[in-house]
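The structure under discussion appears below in the form of structure tokens.
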Amino acid sequence: MFALVDCNNFYASCERVFNPALNGKPIAVLSNNDGCVIARSNEAKALGIPMGAPAFEYKHLFLKHNIHVFSSNYALYGDMSSRVMSLLANFSPDIEIYSIDEAFLKFEGFQYFNLQEIGEIMRKQVIRGTGIPISIGFAPTKALTKVANKIAKKFTERTQGVYIIDTEEKRVKALKWTAIEDVWGVGRKHAKRLRALNINNAYQFTLQSDDWVRKHMSVIGLRLKHDLEGKPTLNLETPNTKKSIATTRSFEGMITDYAALQERVATFAVSCAEKLRHQNSHTNAVMVFLHTNGFRKDLPQYYRNVVIKTENPTNSSFDLIKTAHKALESIYKKGLHYKKAGVIVMNLTPEDQKQFSLFSHENPKHQPLMAIVDRLNASYGNNKVKFGSQSLGRQWKMKQERLSPRYSTHINDIIRVKV
DNA sequence: TCTGGGGTCCTCCACCTG
DNA sequence: TCTGCAGGTGGAGGACCC
């Protein structure tokens, strides 16, 4: 059996842990730059705040219903997530941390155990240890645990937050209850196509032939179908090093100036280089992209990206800045209003599998220098050491007007109790 | 005025090579 | 030397996830 553990309204729950006055109150958490709503408490959902809602369009509703709005506080959420995951790891040695708020666990050899009881103990321990409420779905396959989890969450009173699909009858009933667009792995496009063919729920989807599913939804769809049928196709995935690393940002305003874009791109390249060194990888291809503002129909639109190969596999900030600038130069068009840019490094190889070029050599000074930069940044805070092409004067800051304190990771933000 | 960021996998197609 | 075919590869784009 597999289990899927999902934290309920995770970001909103994190905000509540250190501010219990928020219990029962509507909460919305915003994306970077306070742009869109990316998490809502049940109360906020009930008030009609949709996922992805632009914050400025819903300002009046926030005020009207006294919705507590927060900028996203990833220092807090990341720390709370690792606490939850470490508690879950006590229940099974086979755990796959699927996202910041979800984990799959494998329960092998538990056929004589009462999974309902185990689930309820997990819930109690996590809420006692972290304050975060969770829901748990047990089933013979990963896709079915997603369905079971949804039922556990939807009918918390009846299920105690734990639901087990362990019979054919329960499987069929659960799949008939699950709307096609709610199936894990069926996105908006496929859901629309399936609905048009009168395939409205997960059960109807499993009744289609393998060939049909393979043809219309590729092997991914076919694997999903088998998993929903109760034939384990998807297994726990072991954590791999990343295959690509990206740093991309929307700007608070719009940028027309080439020098300002150069500075932003250099900063993104430095960030990618740091992430590369963190996982001991090198890249040999750097992609830079530029976007104008798609919402401004009155302005000319432009989207372009380019990939440039580096001379050698590298994770040096200097090399990546140089390559990213070369890429930017080739796609920059004067007179446009840019809203977003990003740097993505690809073709990552581990340290011990670097393939060198016959005709060019890496600068031997870079590696020790980068190690010192990383050490200084680790000791004195990120971005204390900057590179020449990054701005020393201007501080690019994300709009985060409603940021809560980093209660659990920053000594100055630690909670104070008056006695 | 204000609309996120970071990933993965698969398919299709053009191109190259034997 | 030319042509046709088959298989491999890499880039672009689409679909999905959180």
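Numbered from 1 within each chain, the chains take letters A, B, ... in sequence-line order.
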So, OP1 or OP2 of [N]: does either fall under 4.0 Å of a side-chain N or O from [X]?
X         : N       : answer
Arg223(A) : dC10(B) : yes
Ser244(A) : dT8(B)  : yes
Thr247(A) : dG5(B)  : no
Arg188(A) : dC17(C) : no
Arg249(A) : dG6(B)  : yes
Ser99(A)  : dC17(C) : no

*Quick one: ring-ring contact (aromatic ring centres under 6.0 Å, His included) partners of Phe138(A), sequence neighbours excluded?*
Phe107(A)

*Check DNA chain B against residues 39-72 of chain A and give the residues with a non-hydrogen atom under 4.0 Å, in numerical order.*
Pro54(A), Phe56(A)

_Please determine whether a side-chain nitrogen of the Lys or Arg among Glu102(A) and Lys146(A) lies less than 4.0 Å from a carboxylate oxygen of the Asp or Glu._
yes

Have a look at [X] and say if it touches a base, only the backbone sugar-phosphate, or nothing, with a 4.0 Å heavy-atom cut-off.
X         : result
Lys339(A) : sugar-phosphate
Val183(A) : sugar-phosphate
Asp34(A)  : nothing
Ile245(A) : sugar-phosphate
Lys399(A) : nothing

*Any side-chain hydrogen bond (donor to acceptor under 3.5 Å, both in side chains) pairs touching residues 16-35 of chain A, not counting sequence neighbours?*
Arg16(A)-Glu43(A), Asp34(A)-Ser71(A)

_Pairs flagged by side-chain hydrogen bond (donor to acceptor under 3.5 Å, both in side chains) wherever residues 121-141 of chain A is involved - sequence neighbours left out_ = Asn8(A)-Ser135(A)

*Using heavy atoms to find the nearest nucleotide of DNA chain B for Arg296(A) and Ser250(A) separately, return the residue whose nucleotide is more 5′.*
Arg296(A)

[X] has a side chain; which of [options] sits nearest to it?
X         : options                 : value
Lys243(A) : dC9(B), dA15(C), dG7(B) : dC9(B)
Cys36(A)  : dG4(B), dA15(C), dG6(B) : dG4(B)
Lys340(A) : dC18(C), dC2(B), dG5(B) : dG5(B)

*asked:* Quick check with a 6.0 Å cut-off and a 45 degree axis cone: is Lys170(A) positioned over the face of Tyr163(A)'s six-membered ring?
replied: yes

*Tell me, with the steps shown, if Asp79(A) and Arg83(A) meet salt bridge (Lys or Arg N to Asp or Glu O under 4.0 Å).*
CA-CA 6 Å; Asp79(A) 182 58; Arg83(A) 290 169 191 232; 2.9 Å; yes

*Under the ring pair (Phe, Tyr, Trp, His ring centres under 6.0 Å) rule, what pairs show up with a residue in residues 313-332 of chain A, not counting sequence neighbours?*
Tyr258(A)-Tyr332(A), Phe318(A)-His366(A), Phe318(A)-Phe387(A), Tyr332(A)-Tyr338(A)

_Checking side chain to side chain contact (heavy atoms under 4.5 Å, CB included) between Leu376(A) and each of Asp374(A), Ile372(A), Val373(A), which is the one that passes?_
Ile372(A)

Identify the pairs formed between an N or O of the protein and an N or O of nucleotides 10-14 of chain C at a distance under 3.5 Å, and give each distance.
none

